Amino acid sequence: MSHDNHDPLDHPEVKIASARGYFIGYAFAAAMMFISLGLVRSHAMSPAGLATTITLIALVAVLAQLYFLFKLDLSESQIWHTVAFAFTVPLFVMAVGLTLWMFHTLAARTMLPGMGM
């Protein structure tokens, strides 16, 4: 019986992890959160403009976290993780969206005529 003396620190996922990357990702996400909080508290924009701006800031924060915290990029060692993520996101959005649509229209589809709510 032989034991594999494989060092877990030799995995590429472990090798690319760094405290510096995690700190940068955390600092970037915190900065985006404080910018959003400042925009909301200052009432500097119209509600539609504020919603659009916060949505864009959230998108930038998510992309930064994917890059700095989860190390998803197009490098050779991470390409399959990125591809798996790219295929997972639309499926997740469809599953959540279709479930919300199903429950939103559930009452209209199941109530008998004349039993209006």
Side-chain angles (χ1 to χ4, degrees):
M1 177 180 245
S2 68
H3 291 283
D4 188 13
N5 291 331
H6 189 72
D7 187 8
L9 296 178
D10 287 341
H11 286 275
E13 293 85 5
V14 175
K15 283 185 174 181
I16 63 171
S18 69
R20 183 176 175 261
Y22 288 125
F23 179 74
I24 291 172
Y26 175 77
F28 195 80
M32 293 293 109
M33 185 182 73
F34 285 120
I35 289 171
S36 299
L37 180 65
L39 287 174
V40 170
R41 292 189 72 186
S42 69
H43 301 282
M45 305 175 85
S46 67
L50 184 64
T52 303
T53 304
I54 289 178
T55 301
L56 291 175
I57 290 172
L59 180 65
V60 169
V62 166
L63 291 176
Q65 288 180 3
L66 288 174
Y67 181 76
F68 288 113
L69 299 179
F70 294 110
K71 308 294 183 193
L72 291 181
D73 58 15
L74 298 178
S75 66
E76 192 169 323
S77 64
Q78 292 296 313
I79 188 70
W80 289 112
H81 294 264
T82 304
V83 169
F85 179 77
F87 283 116
T88 302
V89 168
L91 293 175
F92 179 75
V93 170
M94 284 178 50
V96 171
L98 291 175
T99 302
L100 290 174
W101 172 79
M102 181 183 74
F103 281 107
H104 179 71
T105 60
L106 184 63
R109 290 184 289 119
T110 57
M111 294 301 292
L112 295 173
M115 301 276 299
M117 295 175 54

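Quick note: numbers below take in every heavy atom, side chains included, and nothing from hydrogens, waters or symmetry partners. Treat the numbers as computed from the prediction; the structure is a model and nothing was measured.
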Under 4.5 Å between side-chain heavy atoms, hopping through other hydrophobics if needed: is there a path connecting L98 to V89?
no

Do Y67 and L72 touch side chain to side chain, with heavy atoms closer than 4.5 Å?
no

Would a 4.5 Å heavy-atom cut-off, applied to side chains only, mark F103 and L106 as touching?
yes

Report the distance from atom NZ of K71 to atom CG of L69, rounding to the nearest 0.5 Å.
7.5 Å

Check this for me: M102, atom CE, are more than 12 non-hydrogen atoms of other residues, nucleotides or ligands nearer than 6.0 Å?
yes

Same cluster for L74 and L63 if Ile/Leu/Val/Met/Phe/Trp/Tyr side chains link at under 4.5 Å?
no

Any link between F34 and I24 through a network of hydrophobic side chains (Ile, Leu, Val, Met, Phe, Trp, Tyr) touching at under 4.5 Å?
no

For T88, side chain to side chain donor-acceptor pair (under 3.5 Å) partners two or more places apart
none

Which other residues belong to the hydrophobic cluster containing I54, where Ile, Leu, Val, Met, Phe, Trp and Tyr are joined when side-chain heavy atoms lie under 4.5 Å apart, directly or via other members?
F28, M32, I35, L39, V40, M45, L50, I57, V60

Identify whether W80 and F70 are in the same connected component of the hydrophobic contact network (ILVMFWY, side-chain heavy atoms under 4.5 Å).
no

